[in-house]
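Taking it in order: structure first as structure tokens, then the write-up.
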Amino acid sequence: MKKRRLIIILLLMTIALTGCWNRRELNELAIAVGFGVDKAGEQYRLSVQVVDPGEVAANKGGTRGRTPVTMYHITAPTIFEALRKMTTISPRKIYNSHLRILVIGEELAKQGIGEVLDFVSRDQEMRTDFYIVVARGQHTAEEALKILTPIEKIPANNLYQSLAASAKAWAPSTTVTLDQLIADLVSDGKQPVLTGLRINGNAHIGQTTTNIEKIDNAATLQYTGLAVFKEDKLIGWLNQNDSIGYNFILNNIKSTVGSLACPDGGNMVIEVIRSETKVKGFVEKGKPRVEVKSRIEANVGEMACQLDLTKTNNIAEIEKIASKRVQDLMNQTVSKVQKQYKVDIFGFGEAVHRANATTWKAWKKDWDVQFAKLPVDYKVEVKIRRLGTVSNSFLQEMNKD
């Protein structure tokens, strides 16, 4: 019995010691932080932004004047082949576990991103916490990843952190991870949306260190607009106001600011500090209907008009104006998508499904047809919580003279 126990213990120890059988040293890997995928004829052009450890890590000798990242790009019939084929130009095998951003070219997005997503979701090295965006306009995903950025040495990290910060502080932006995108693709009641990425300025200079050696950069990367998809194909874009309406409906707003027209002329700016939106579906007399309820808390951020904020009725007037503004943004966005794109990007189908699963079975096959004529009711309530460190602006006192 003692011998048997000893053998069992030795076997268990042997299993535990196999944890390093497939180890790979850091100096054998090329750590990828950004992927760009474009269409090249019938093939894919894969661009990979790889960290140069010697230029990023702090050391006594300092950097050697090279860029903090390098770019490898290659063309192949499939993404997986392109990644393996990249070993012919890279001295190390590409390591994908630290990927921060996946940029998809607009031309490819119009043809379909399904095969790209199949690869990144199937690869065991890939995590799902990276963001996915669409390179908008005439520039490709490859060109977007070549732009050197200030403050953040690694451009892919800059793109990741910029989108995360923008989604928290600016209503038109939103973050989409791999899990979220695939969930929308396979859902019967919701179509996907991705944030657009644009190069502003001189893209050629932006690829050189000259771009980060001056105060005013020759080229910058900017998130702008939301890409509307039907299944896995890009069919159009939402502008800034449409994107705000979309994010309010989807309850994506964490904080933002918005300009409102004052009753007697001029403008004021309010800061949204909290927002909660609920979408509820109904089936009435055999027809679907959706109700959108939004409750918003805000502060007064700027007052460039003659409005006495010490009076309660004026605060109520601001709340009324703000409520109508948000409701109009929601209504305009839904109306545009219903008429122009005819795809449910808001998840209204999912709300109707929750309301009546039996009736939904008859609608889900042609839900886009039902969505195009779906009545939507809006109820928005805005509450002003704070006026800032002052009530009325000193500008009013100056204008009295």
Side chain to side chain, V292 and K379, heavy atoms closer than 4.5 Å: no
Any donor-acceptor pair under 3.5 Å from T88 side chain to K85 backbone: yes
Sub-4.5 Å side-chain heavy-atom contact between N331 and D328: no
Note: R295-E276 ion pair, threshold 4.0 Å (strictly below): no
Side-chain heavy atoms of S255 within contact of V272, under 4.5 Å: no
Residues, nucleotides or ligands: over 12 heavy atoms within 6.0 Å of I151 CD1: no
Salt-bridge contact D242-K336 (side-chain N to carboxylate O under 4.0 Å): yes
Working for side chain to side chain donor-acceptor pair (under 3.5 Å), residues E152 and N157: CA-CA 7 Å; E152 284 293 335; N157 283 349; 4.7 Å; no
Ion pair check, D368 and K342, cut-off under 4.0 Å: no
Test: K230 cationic atom under 6.0 Å from Y341 six-membered ring centre, within 45° of axis: no
Nearest atoms (heavy-atom pairs only) where V37 meets I79: CG1-CD1, 3.6 Å
Side chain R92, main chain L29, donor-acceptor under 3.5 Å: yes
Parallel, tilted or perpendicular, as decided by the 30° and 60° cut-offs, for the rings of F119 and F80: tilted
Six-ring centre of F130, R100 cation under 6.0 angstrom, axis tolerance 45°: no
Steps toward side-chain contact (heavy atoms from CB on, under 4.5 Å) verdict (M86, V48): CA-CA 9 Å; M86 204 163 280; V48 180; 3.6 Å; yes
Plane angle bin for F346 and Y246 - parallel if under 30°, tilted between 30 and 60°, otherwise perpendicular: tilted
Which atom of Q49 lies closest to which atom of A156, heavy atoms considered: OE1-N, 2.9 Å
Least distance between heavy atoms, G245 atom then T333 atom: CA-OG1, 3.6 Å
Nearest heavy atoms of C305 and G265, plus distance in Å: CB-O, 3.1 Å
Between NZ on residue K293 and NZ on residue K280, distance to nearest 0.5 Å: 7.0 Å
Aromatic plane relationship, W363 with W367 - under 30° parallel, 30 to 60° tilted, over 60° perpendicular: tilted
Side-chain heavy-atom pair L260, V269 within 4.5 angstrom cut-off: no
Verdict with reasoning, T177 to Q180, per side chain to side chain donor-acceptor pair (under 3.5 Å): CA-CA 5 Å; T177 60; Q180 292 173 283; 3.0 Å; yes
Note: R289-E284 ion pair, threshold 4.0 Å (strictly below): yes
Beyond-backbone contact of R386 with I273, side-chain heavy atoms, under 4.5 angstrom: yes
Donor on one side chain, acceptor on other, H73 and R45, under 3.5 Å: yes
Exam field: side chain Y131 to backbone L178, donor-acceptor pair closer than 3.5 Å: no
Donor-acceptor pair, side chain of R136 and main chain of T224, under 3.5 angstrom: yes
Expected output: side-chain N217 to main-chain N211 donor-acceptor under 3.5 Å: yes
Shortest non-hydrogen separation from P263 to E317 and the atoms involved: CG-CG, 4.0 Å
pair I249-V334: side-chain heavy atoms closer than 4.5 Å: yes
Taking every non-hydrogen atom, the tightest pair across T256 and A171: OG1-N, 3.0 Å
Side-chain heavy-atom pair P53, I31 within 4.5 angstrom cut-off: no
V116 and Y44, any side-chain heavy atoms less than 4.5 Å apart: yes
Test applied, side chain to side chain contact (heavy atoms under 4.5 Å, CB included); reference residue, L329; option that passes from N241, N247, V380: N241
Donor-acceptor contact below 3.5 Å, side chain D188 vs main chain G349: no
Distance (rounded to the nearest 0.5 Å) between S97 OG and E125 CD: 5.0 Å
Any donor-acceptor pair under 3.5 Å from E115 side chain to T78 backbone: no
Lys/Arg N to Asp/Glu carboxylate O, R385 vs E297, below 4.0 Å: yes
S323 side chain vs V382 backbone, donor-acceptor pair below 3.5 Å: yes
Expected output: side-chain E143 to main-chain T140 donor-acceptor under 3.5 Å: yes
Under 3.5 Å donor-acceptor, S90 side chain and T87 backbone: no
